[in-house]
**Student:** 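Attaching a single structure in structure tokens format; questions to follow.
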Amino acid sequence: MDRYTKPAILLHWLTALLIIAAFALGVIMTDIPGLTPTKLKYYSWHKWLGITVLALAVIRVLWRKANRPPAPPASMPQWQVKAADATHALLYLLIFAVPITGYLYTTAAGVPVVYLGLFQIPAAFEPNAEWKPVLKAVHYWLNMLLAGAVALHVGAALKHQFIDRDGVLRRMLP
């Protein structure tokens, strides 16, 4: 059975780990009451993770365009192939949309983004008190949609591994 390329596997798992870390940090940091040094540190780390995920998303799309993924197993029903394609498209869309909306929310809040403490990402626009709650909500709900899509993706991979036993998961394992 065909496998994904080593760079595709590395990009997949690195992106997955960073998304999980950013999501967990987002939950933790928003539960910290007040404005503490720890909370500010976590917000910075969360932003760094988001920017890194966005950069990896660009690399992943470019890699995927140049390197076709392996074909689904011949035994996979066509509806599952279409569902997998739709889920992958949604995941790619969200891997871009979540960090971008986070950046836009931060911009609306008037908070600078200093990547890894080294350089400031330019603000997209002036702070905007009206857009801030809207972008915060959009960022939150896109995160929830991403969590659901990831759960669906993981569930499908586990189904293929333990029920179908068709080798789909092995193609993406290091």
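Residue numbers start at 1 and run along the sequence shown. Bear in mind that the values here come from a model prediction, so they are computed numbers and not experimental data.
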**Student:** Please name the pair of heavy atoms, one in Gly50 and one in Pro99, separated by the smallest distance, quoted to 0.1 Å.
**Tutor:** O-CB, 3.4 Å

**Student:** Between atom CZ of Arg171 and atom CG of Asp2, what is the distance when rounded to the nearest 0.5 Å?
**Tutor:** 8.0 Å

**Student:** So do Pro70 and Arg3 actually touch side chain to side chain, heavy atoms under 4.5 Å?
**Tutor:** no

**Student:** Ignoring hydrogens, what is the shortest heavy-atom contact between Val61 and Tyr92? Give both atom names and the distance.
**Tutor:** CG2-CD2, 3.8 Å

**Student:** What's the shortest heavy-atom distance between Ile9 and Tyr4, and which atoms?
**Tutor:** CD1-O, 3.5 Å

**Student:** Let me see the working for Glu126 and Thr107 under side chain to side chain contact (heavy atoms under 4.5 Å, CB included), right down to the final yes or no.
**Tutor:** CA-CA 7 Å; Glu126 293 297 317; Thr107 298; over 6 Å; no

**Student:** A side-chain contact here means heavy atoms from C-beta on lying under 4.5 Å apart; do Phe23 and Leu146 qualify?
**Tutor:** no

**Student:** Do Lys47 and Val111 make a side-chain contact, defined as non-hydrogen atoms from C-beta onward lying under 4.5 Å apart?
**Tutor:** yes

**Student:** State whether the side chain of Arg165 and the backbone N or O of His160 hold a donor-acceptor pair below 3.5 Å, judged by distance alone.
**Tutor:** no

**Student:** How about Phe96 and Leu54: do any of their side-chain heavy atoms sit closer than 4.5 Å?
**Tutor:** yes

**Student:** Honestly curious: do Tyr140 and Leu90 fall in one hydrophobic cluster under the side-chain, below-4.5 Å linking rule?
**Tutor:** no

**Student:** Looking at CG of Leu35 and OH of Tyr43, how far apart are the two atoms once the value is rounded to the nearest 0.5 Å?
**Tutor:** 8.5 Å

**Student:** Between Tyr115 and Thr52, is there a side-chain donor-acceptor contact under 3.5 Å, judged purely by atom types and distance?
**Tutor:** yes

**Student:** Give the cluster check for Leu91 versus Leu62: same hydrophobic cluster or not, with ILVMFWY residues linked at side-chain heavy-atom distances below 4.5 Å.
**Tutor:** yes

**Student:** Would you check if the side chain of His12 reaches a backbone N or O of Met172 as a donor-acceptor pair within less than 3.5 Å?
**Tutor:** no

**Student:** To the closest 0.5 Å, what do you measure between CG (Leu11) and CG (Leu56)?
**Tutor:** 6.0 Å

**Student:** Could you grab the distance from atom CG of Leu25 to atom NZ of Lys41, nearest 0.5 Å is fine?
**Tutor:** 10.5 Å

**Student:** If you look at every heavy atom in Met29 and Lys39, which pair is closest and at what distance?
**Tutor:** O-CE, 3.2 Å

**Student:** Any chance NZ of Lys136 has more than 12 other-residue heavy atoms, nucleotides or ligands included, within less than 6.0 Å?
**Tutor:** no

**Student:** Over all heavy atoms of both residues, which pair between Thr101 and Val98 is shortest? Give the atoms and the distance, please.
**Tutor:** OG1-O, 3.0 Å

**Student:** Quick check: is Leu14 connected to Ile59 through a chain of hydrophobic side chains (ILVMFWY, heavy atoms under 4.5 Å apart)?
**Tutor:** yes

**Student:** Can Val113 and Gln120 be said to form a side chain to side chain contact (heavy atoms under 4.5 Å, CB included), step by step?
**Tutor:** CA-CA 6 Å; Val113 178; Gln120 186 168 332; 6.0 Å; no

**Student:** In this structure, would Ile100 and Phe125 fall into the same cluster of hydrophobic residues linked by side-chain contacts under 4.5 Å?
**Tutor:** yes

**Student:** Can you list the steps and then say if Lys82 with Trp79 is a side chain to side chain contact (heavy atoms under 4.5 Å, CB included)?
**Tutor:** CA-CA 5 Å; Lys82 288 180 181 179; Trp79 73 267; 5.7 Å; no

**Student:** Sub-3.5 Å donor-acceptor pair from the side chain of Arg170 to the main-chain atoms of Gln161, do we have one?
**Tutor:** no

**Student:** Under the salt bridge (charged side-chain N to carboxylate O under 4.0 Å, His left out) criterion, do Asp164 and Lys159 qualify, and how do the steps go?
**Tutor:** CA-CA 6 Å; Asp164 298 343; Lys159 174 205 171 279; 2.3 Å; yes

**Student:** Do the side chains of Trp63 and Thr5 get nearer than 4.5 Å, heavy atoms only?
**Tutor:** yes

**Student:** Side-chain heavy atoms nearer than 4.5 Å, only ILVMFWY residues, links allowed to pass through others: does that put Leu173 and Phe162 together?
**Tutor:** no

**Student:** Find the distance between CD1 (Ile95) and NE2 (His88) and round it off to the nearest 0.5 Å.
**Tutor:** 9.5 Å

**Student:** Between Trp13 and Pro174, what is the shortest heavy-atom contact and its length?
**Tutor:** NE1-CD, 3.8 Å

**Student:** How long is the gap from CG on Leu94 to CD1 on Ile19, to the nearest 0.5 Å?
**Tutor:** 9.0 Å

**Student:** Evaluate Leu116 against Trp45 for side chain to side chain contact (heavy atoms under 4.5 Å, CB included), listing each step before the verdict.
**Tutor:** CA-CA 8 Å; Leu116 301 175; Trp45 293 354; over 6 Å; no

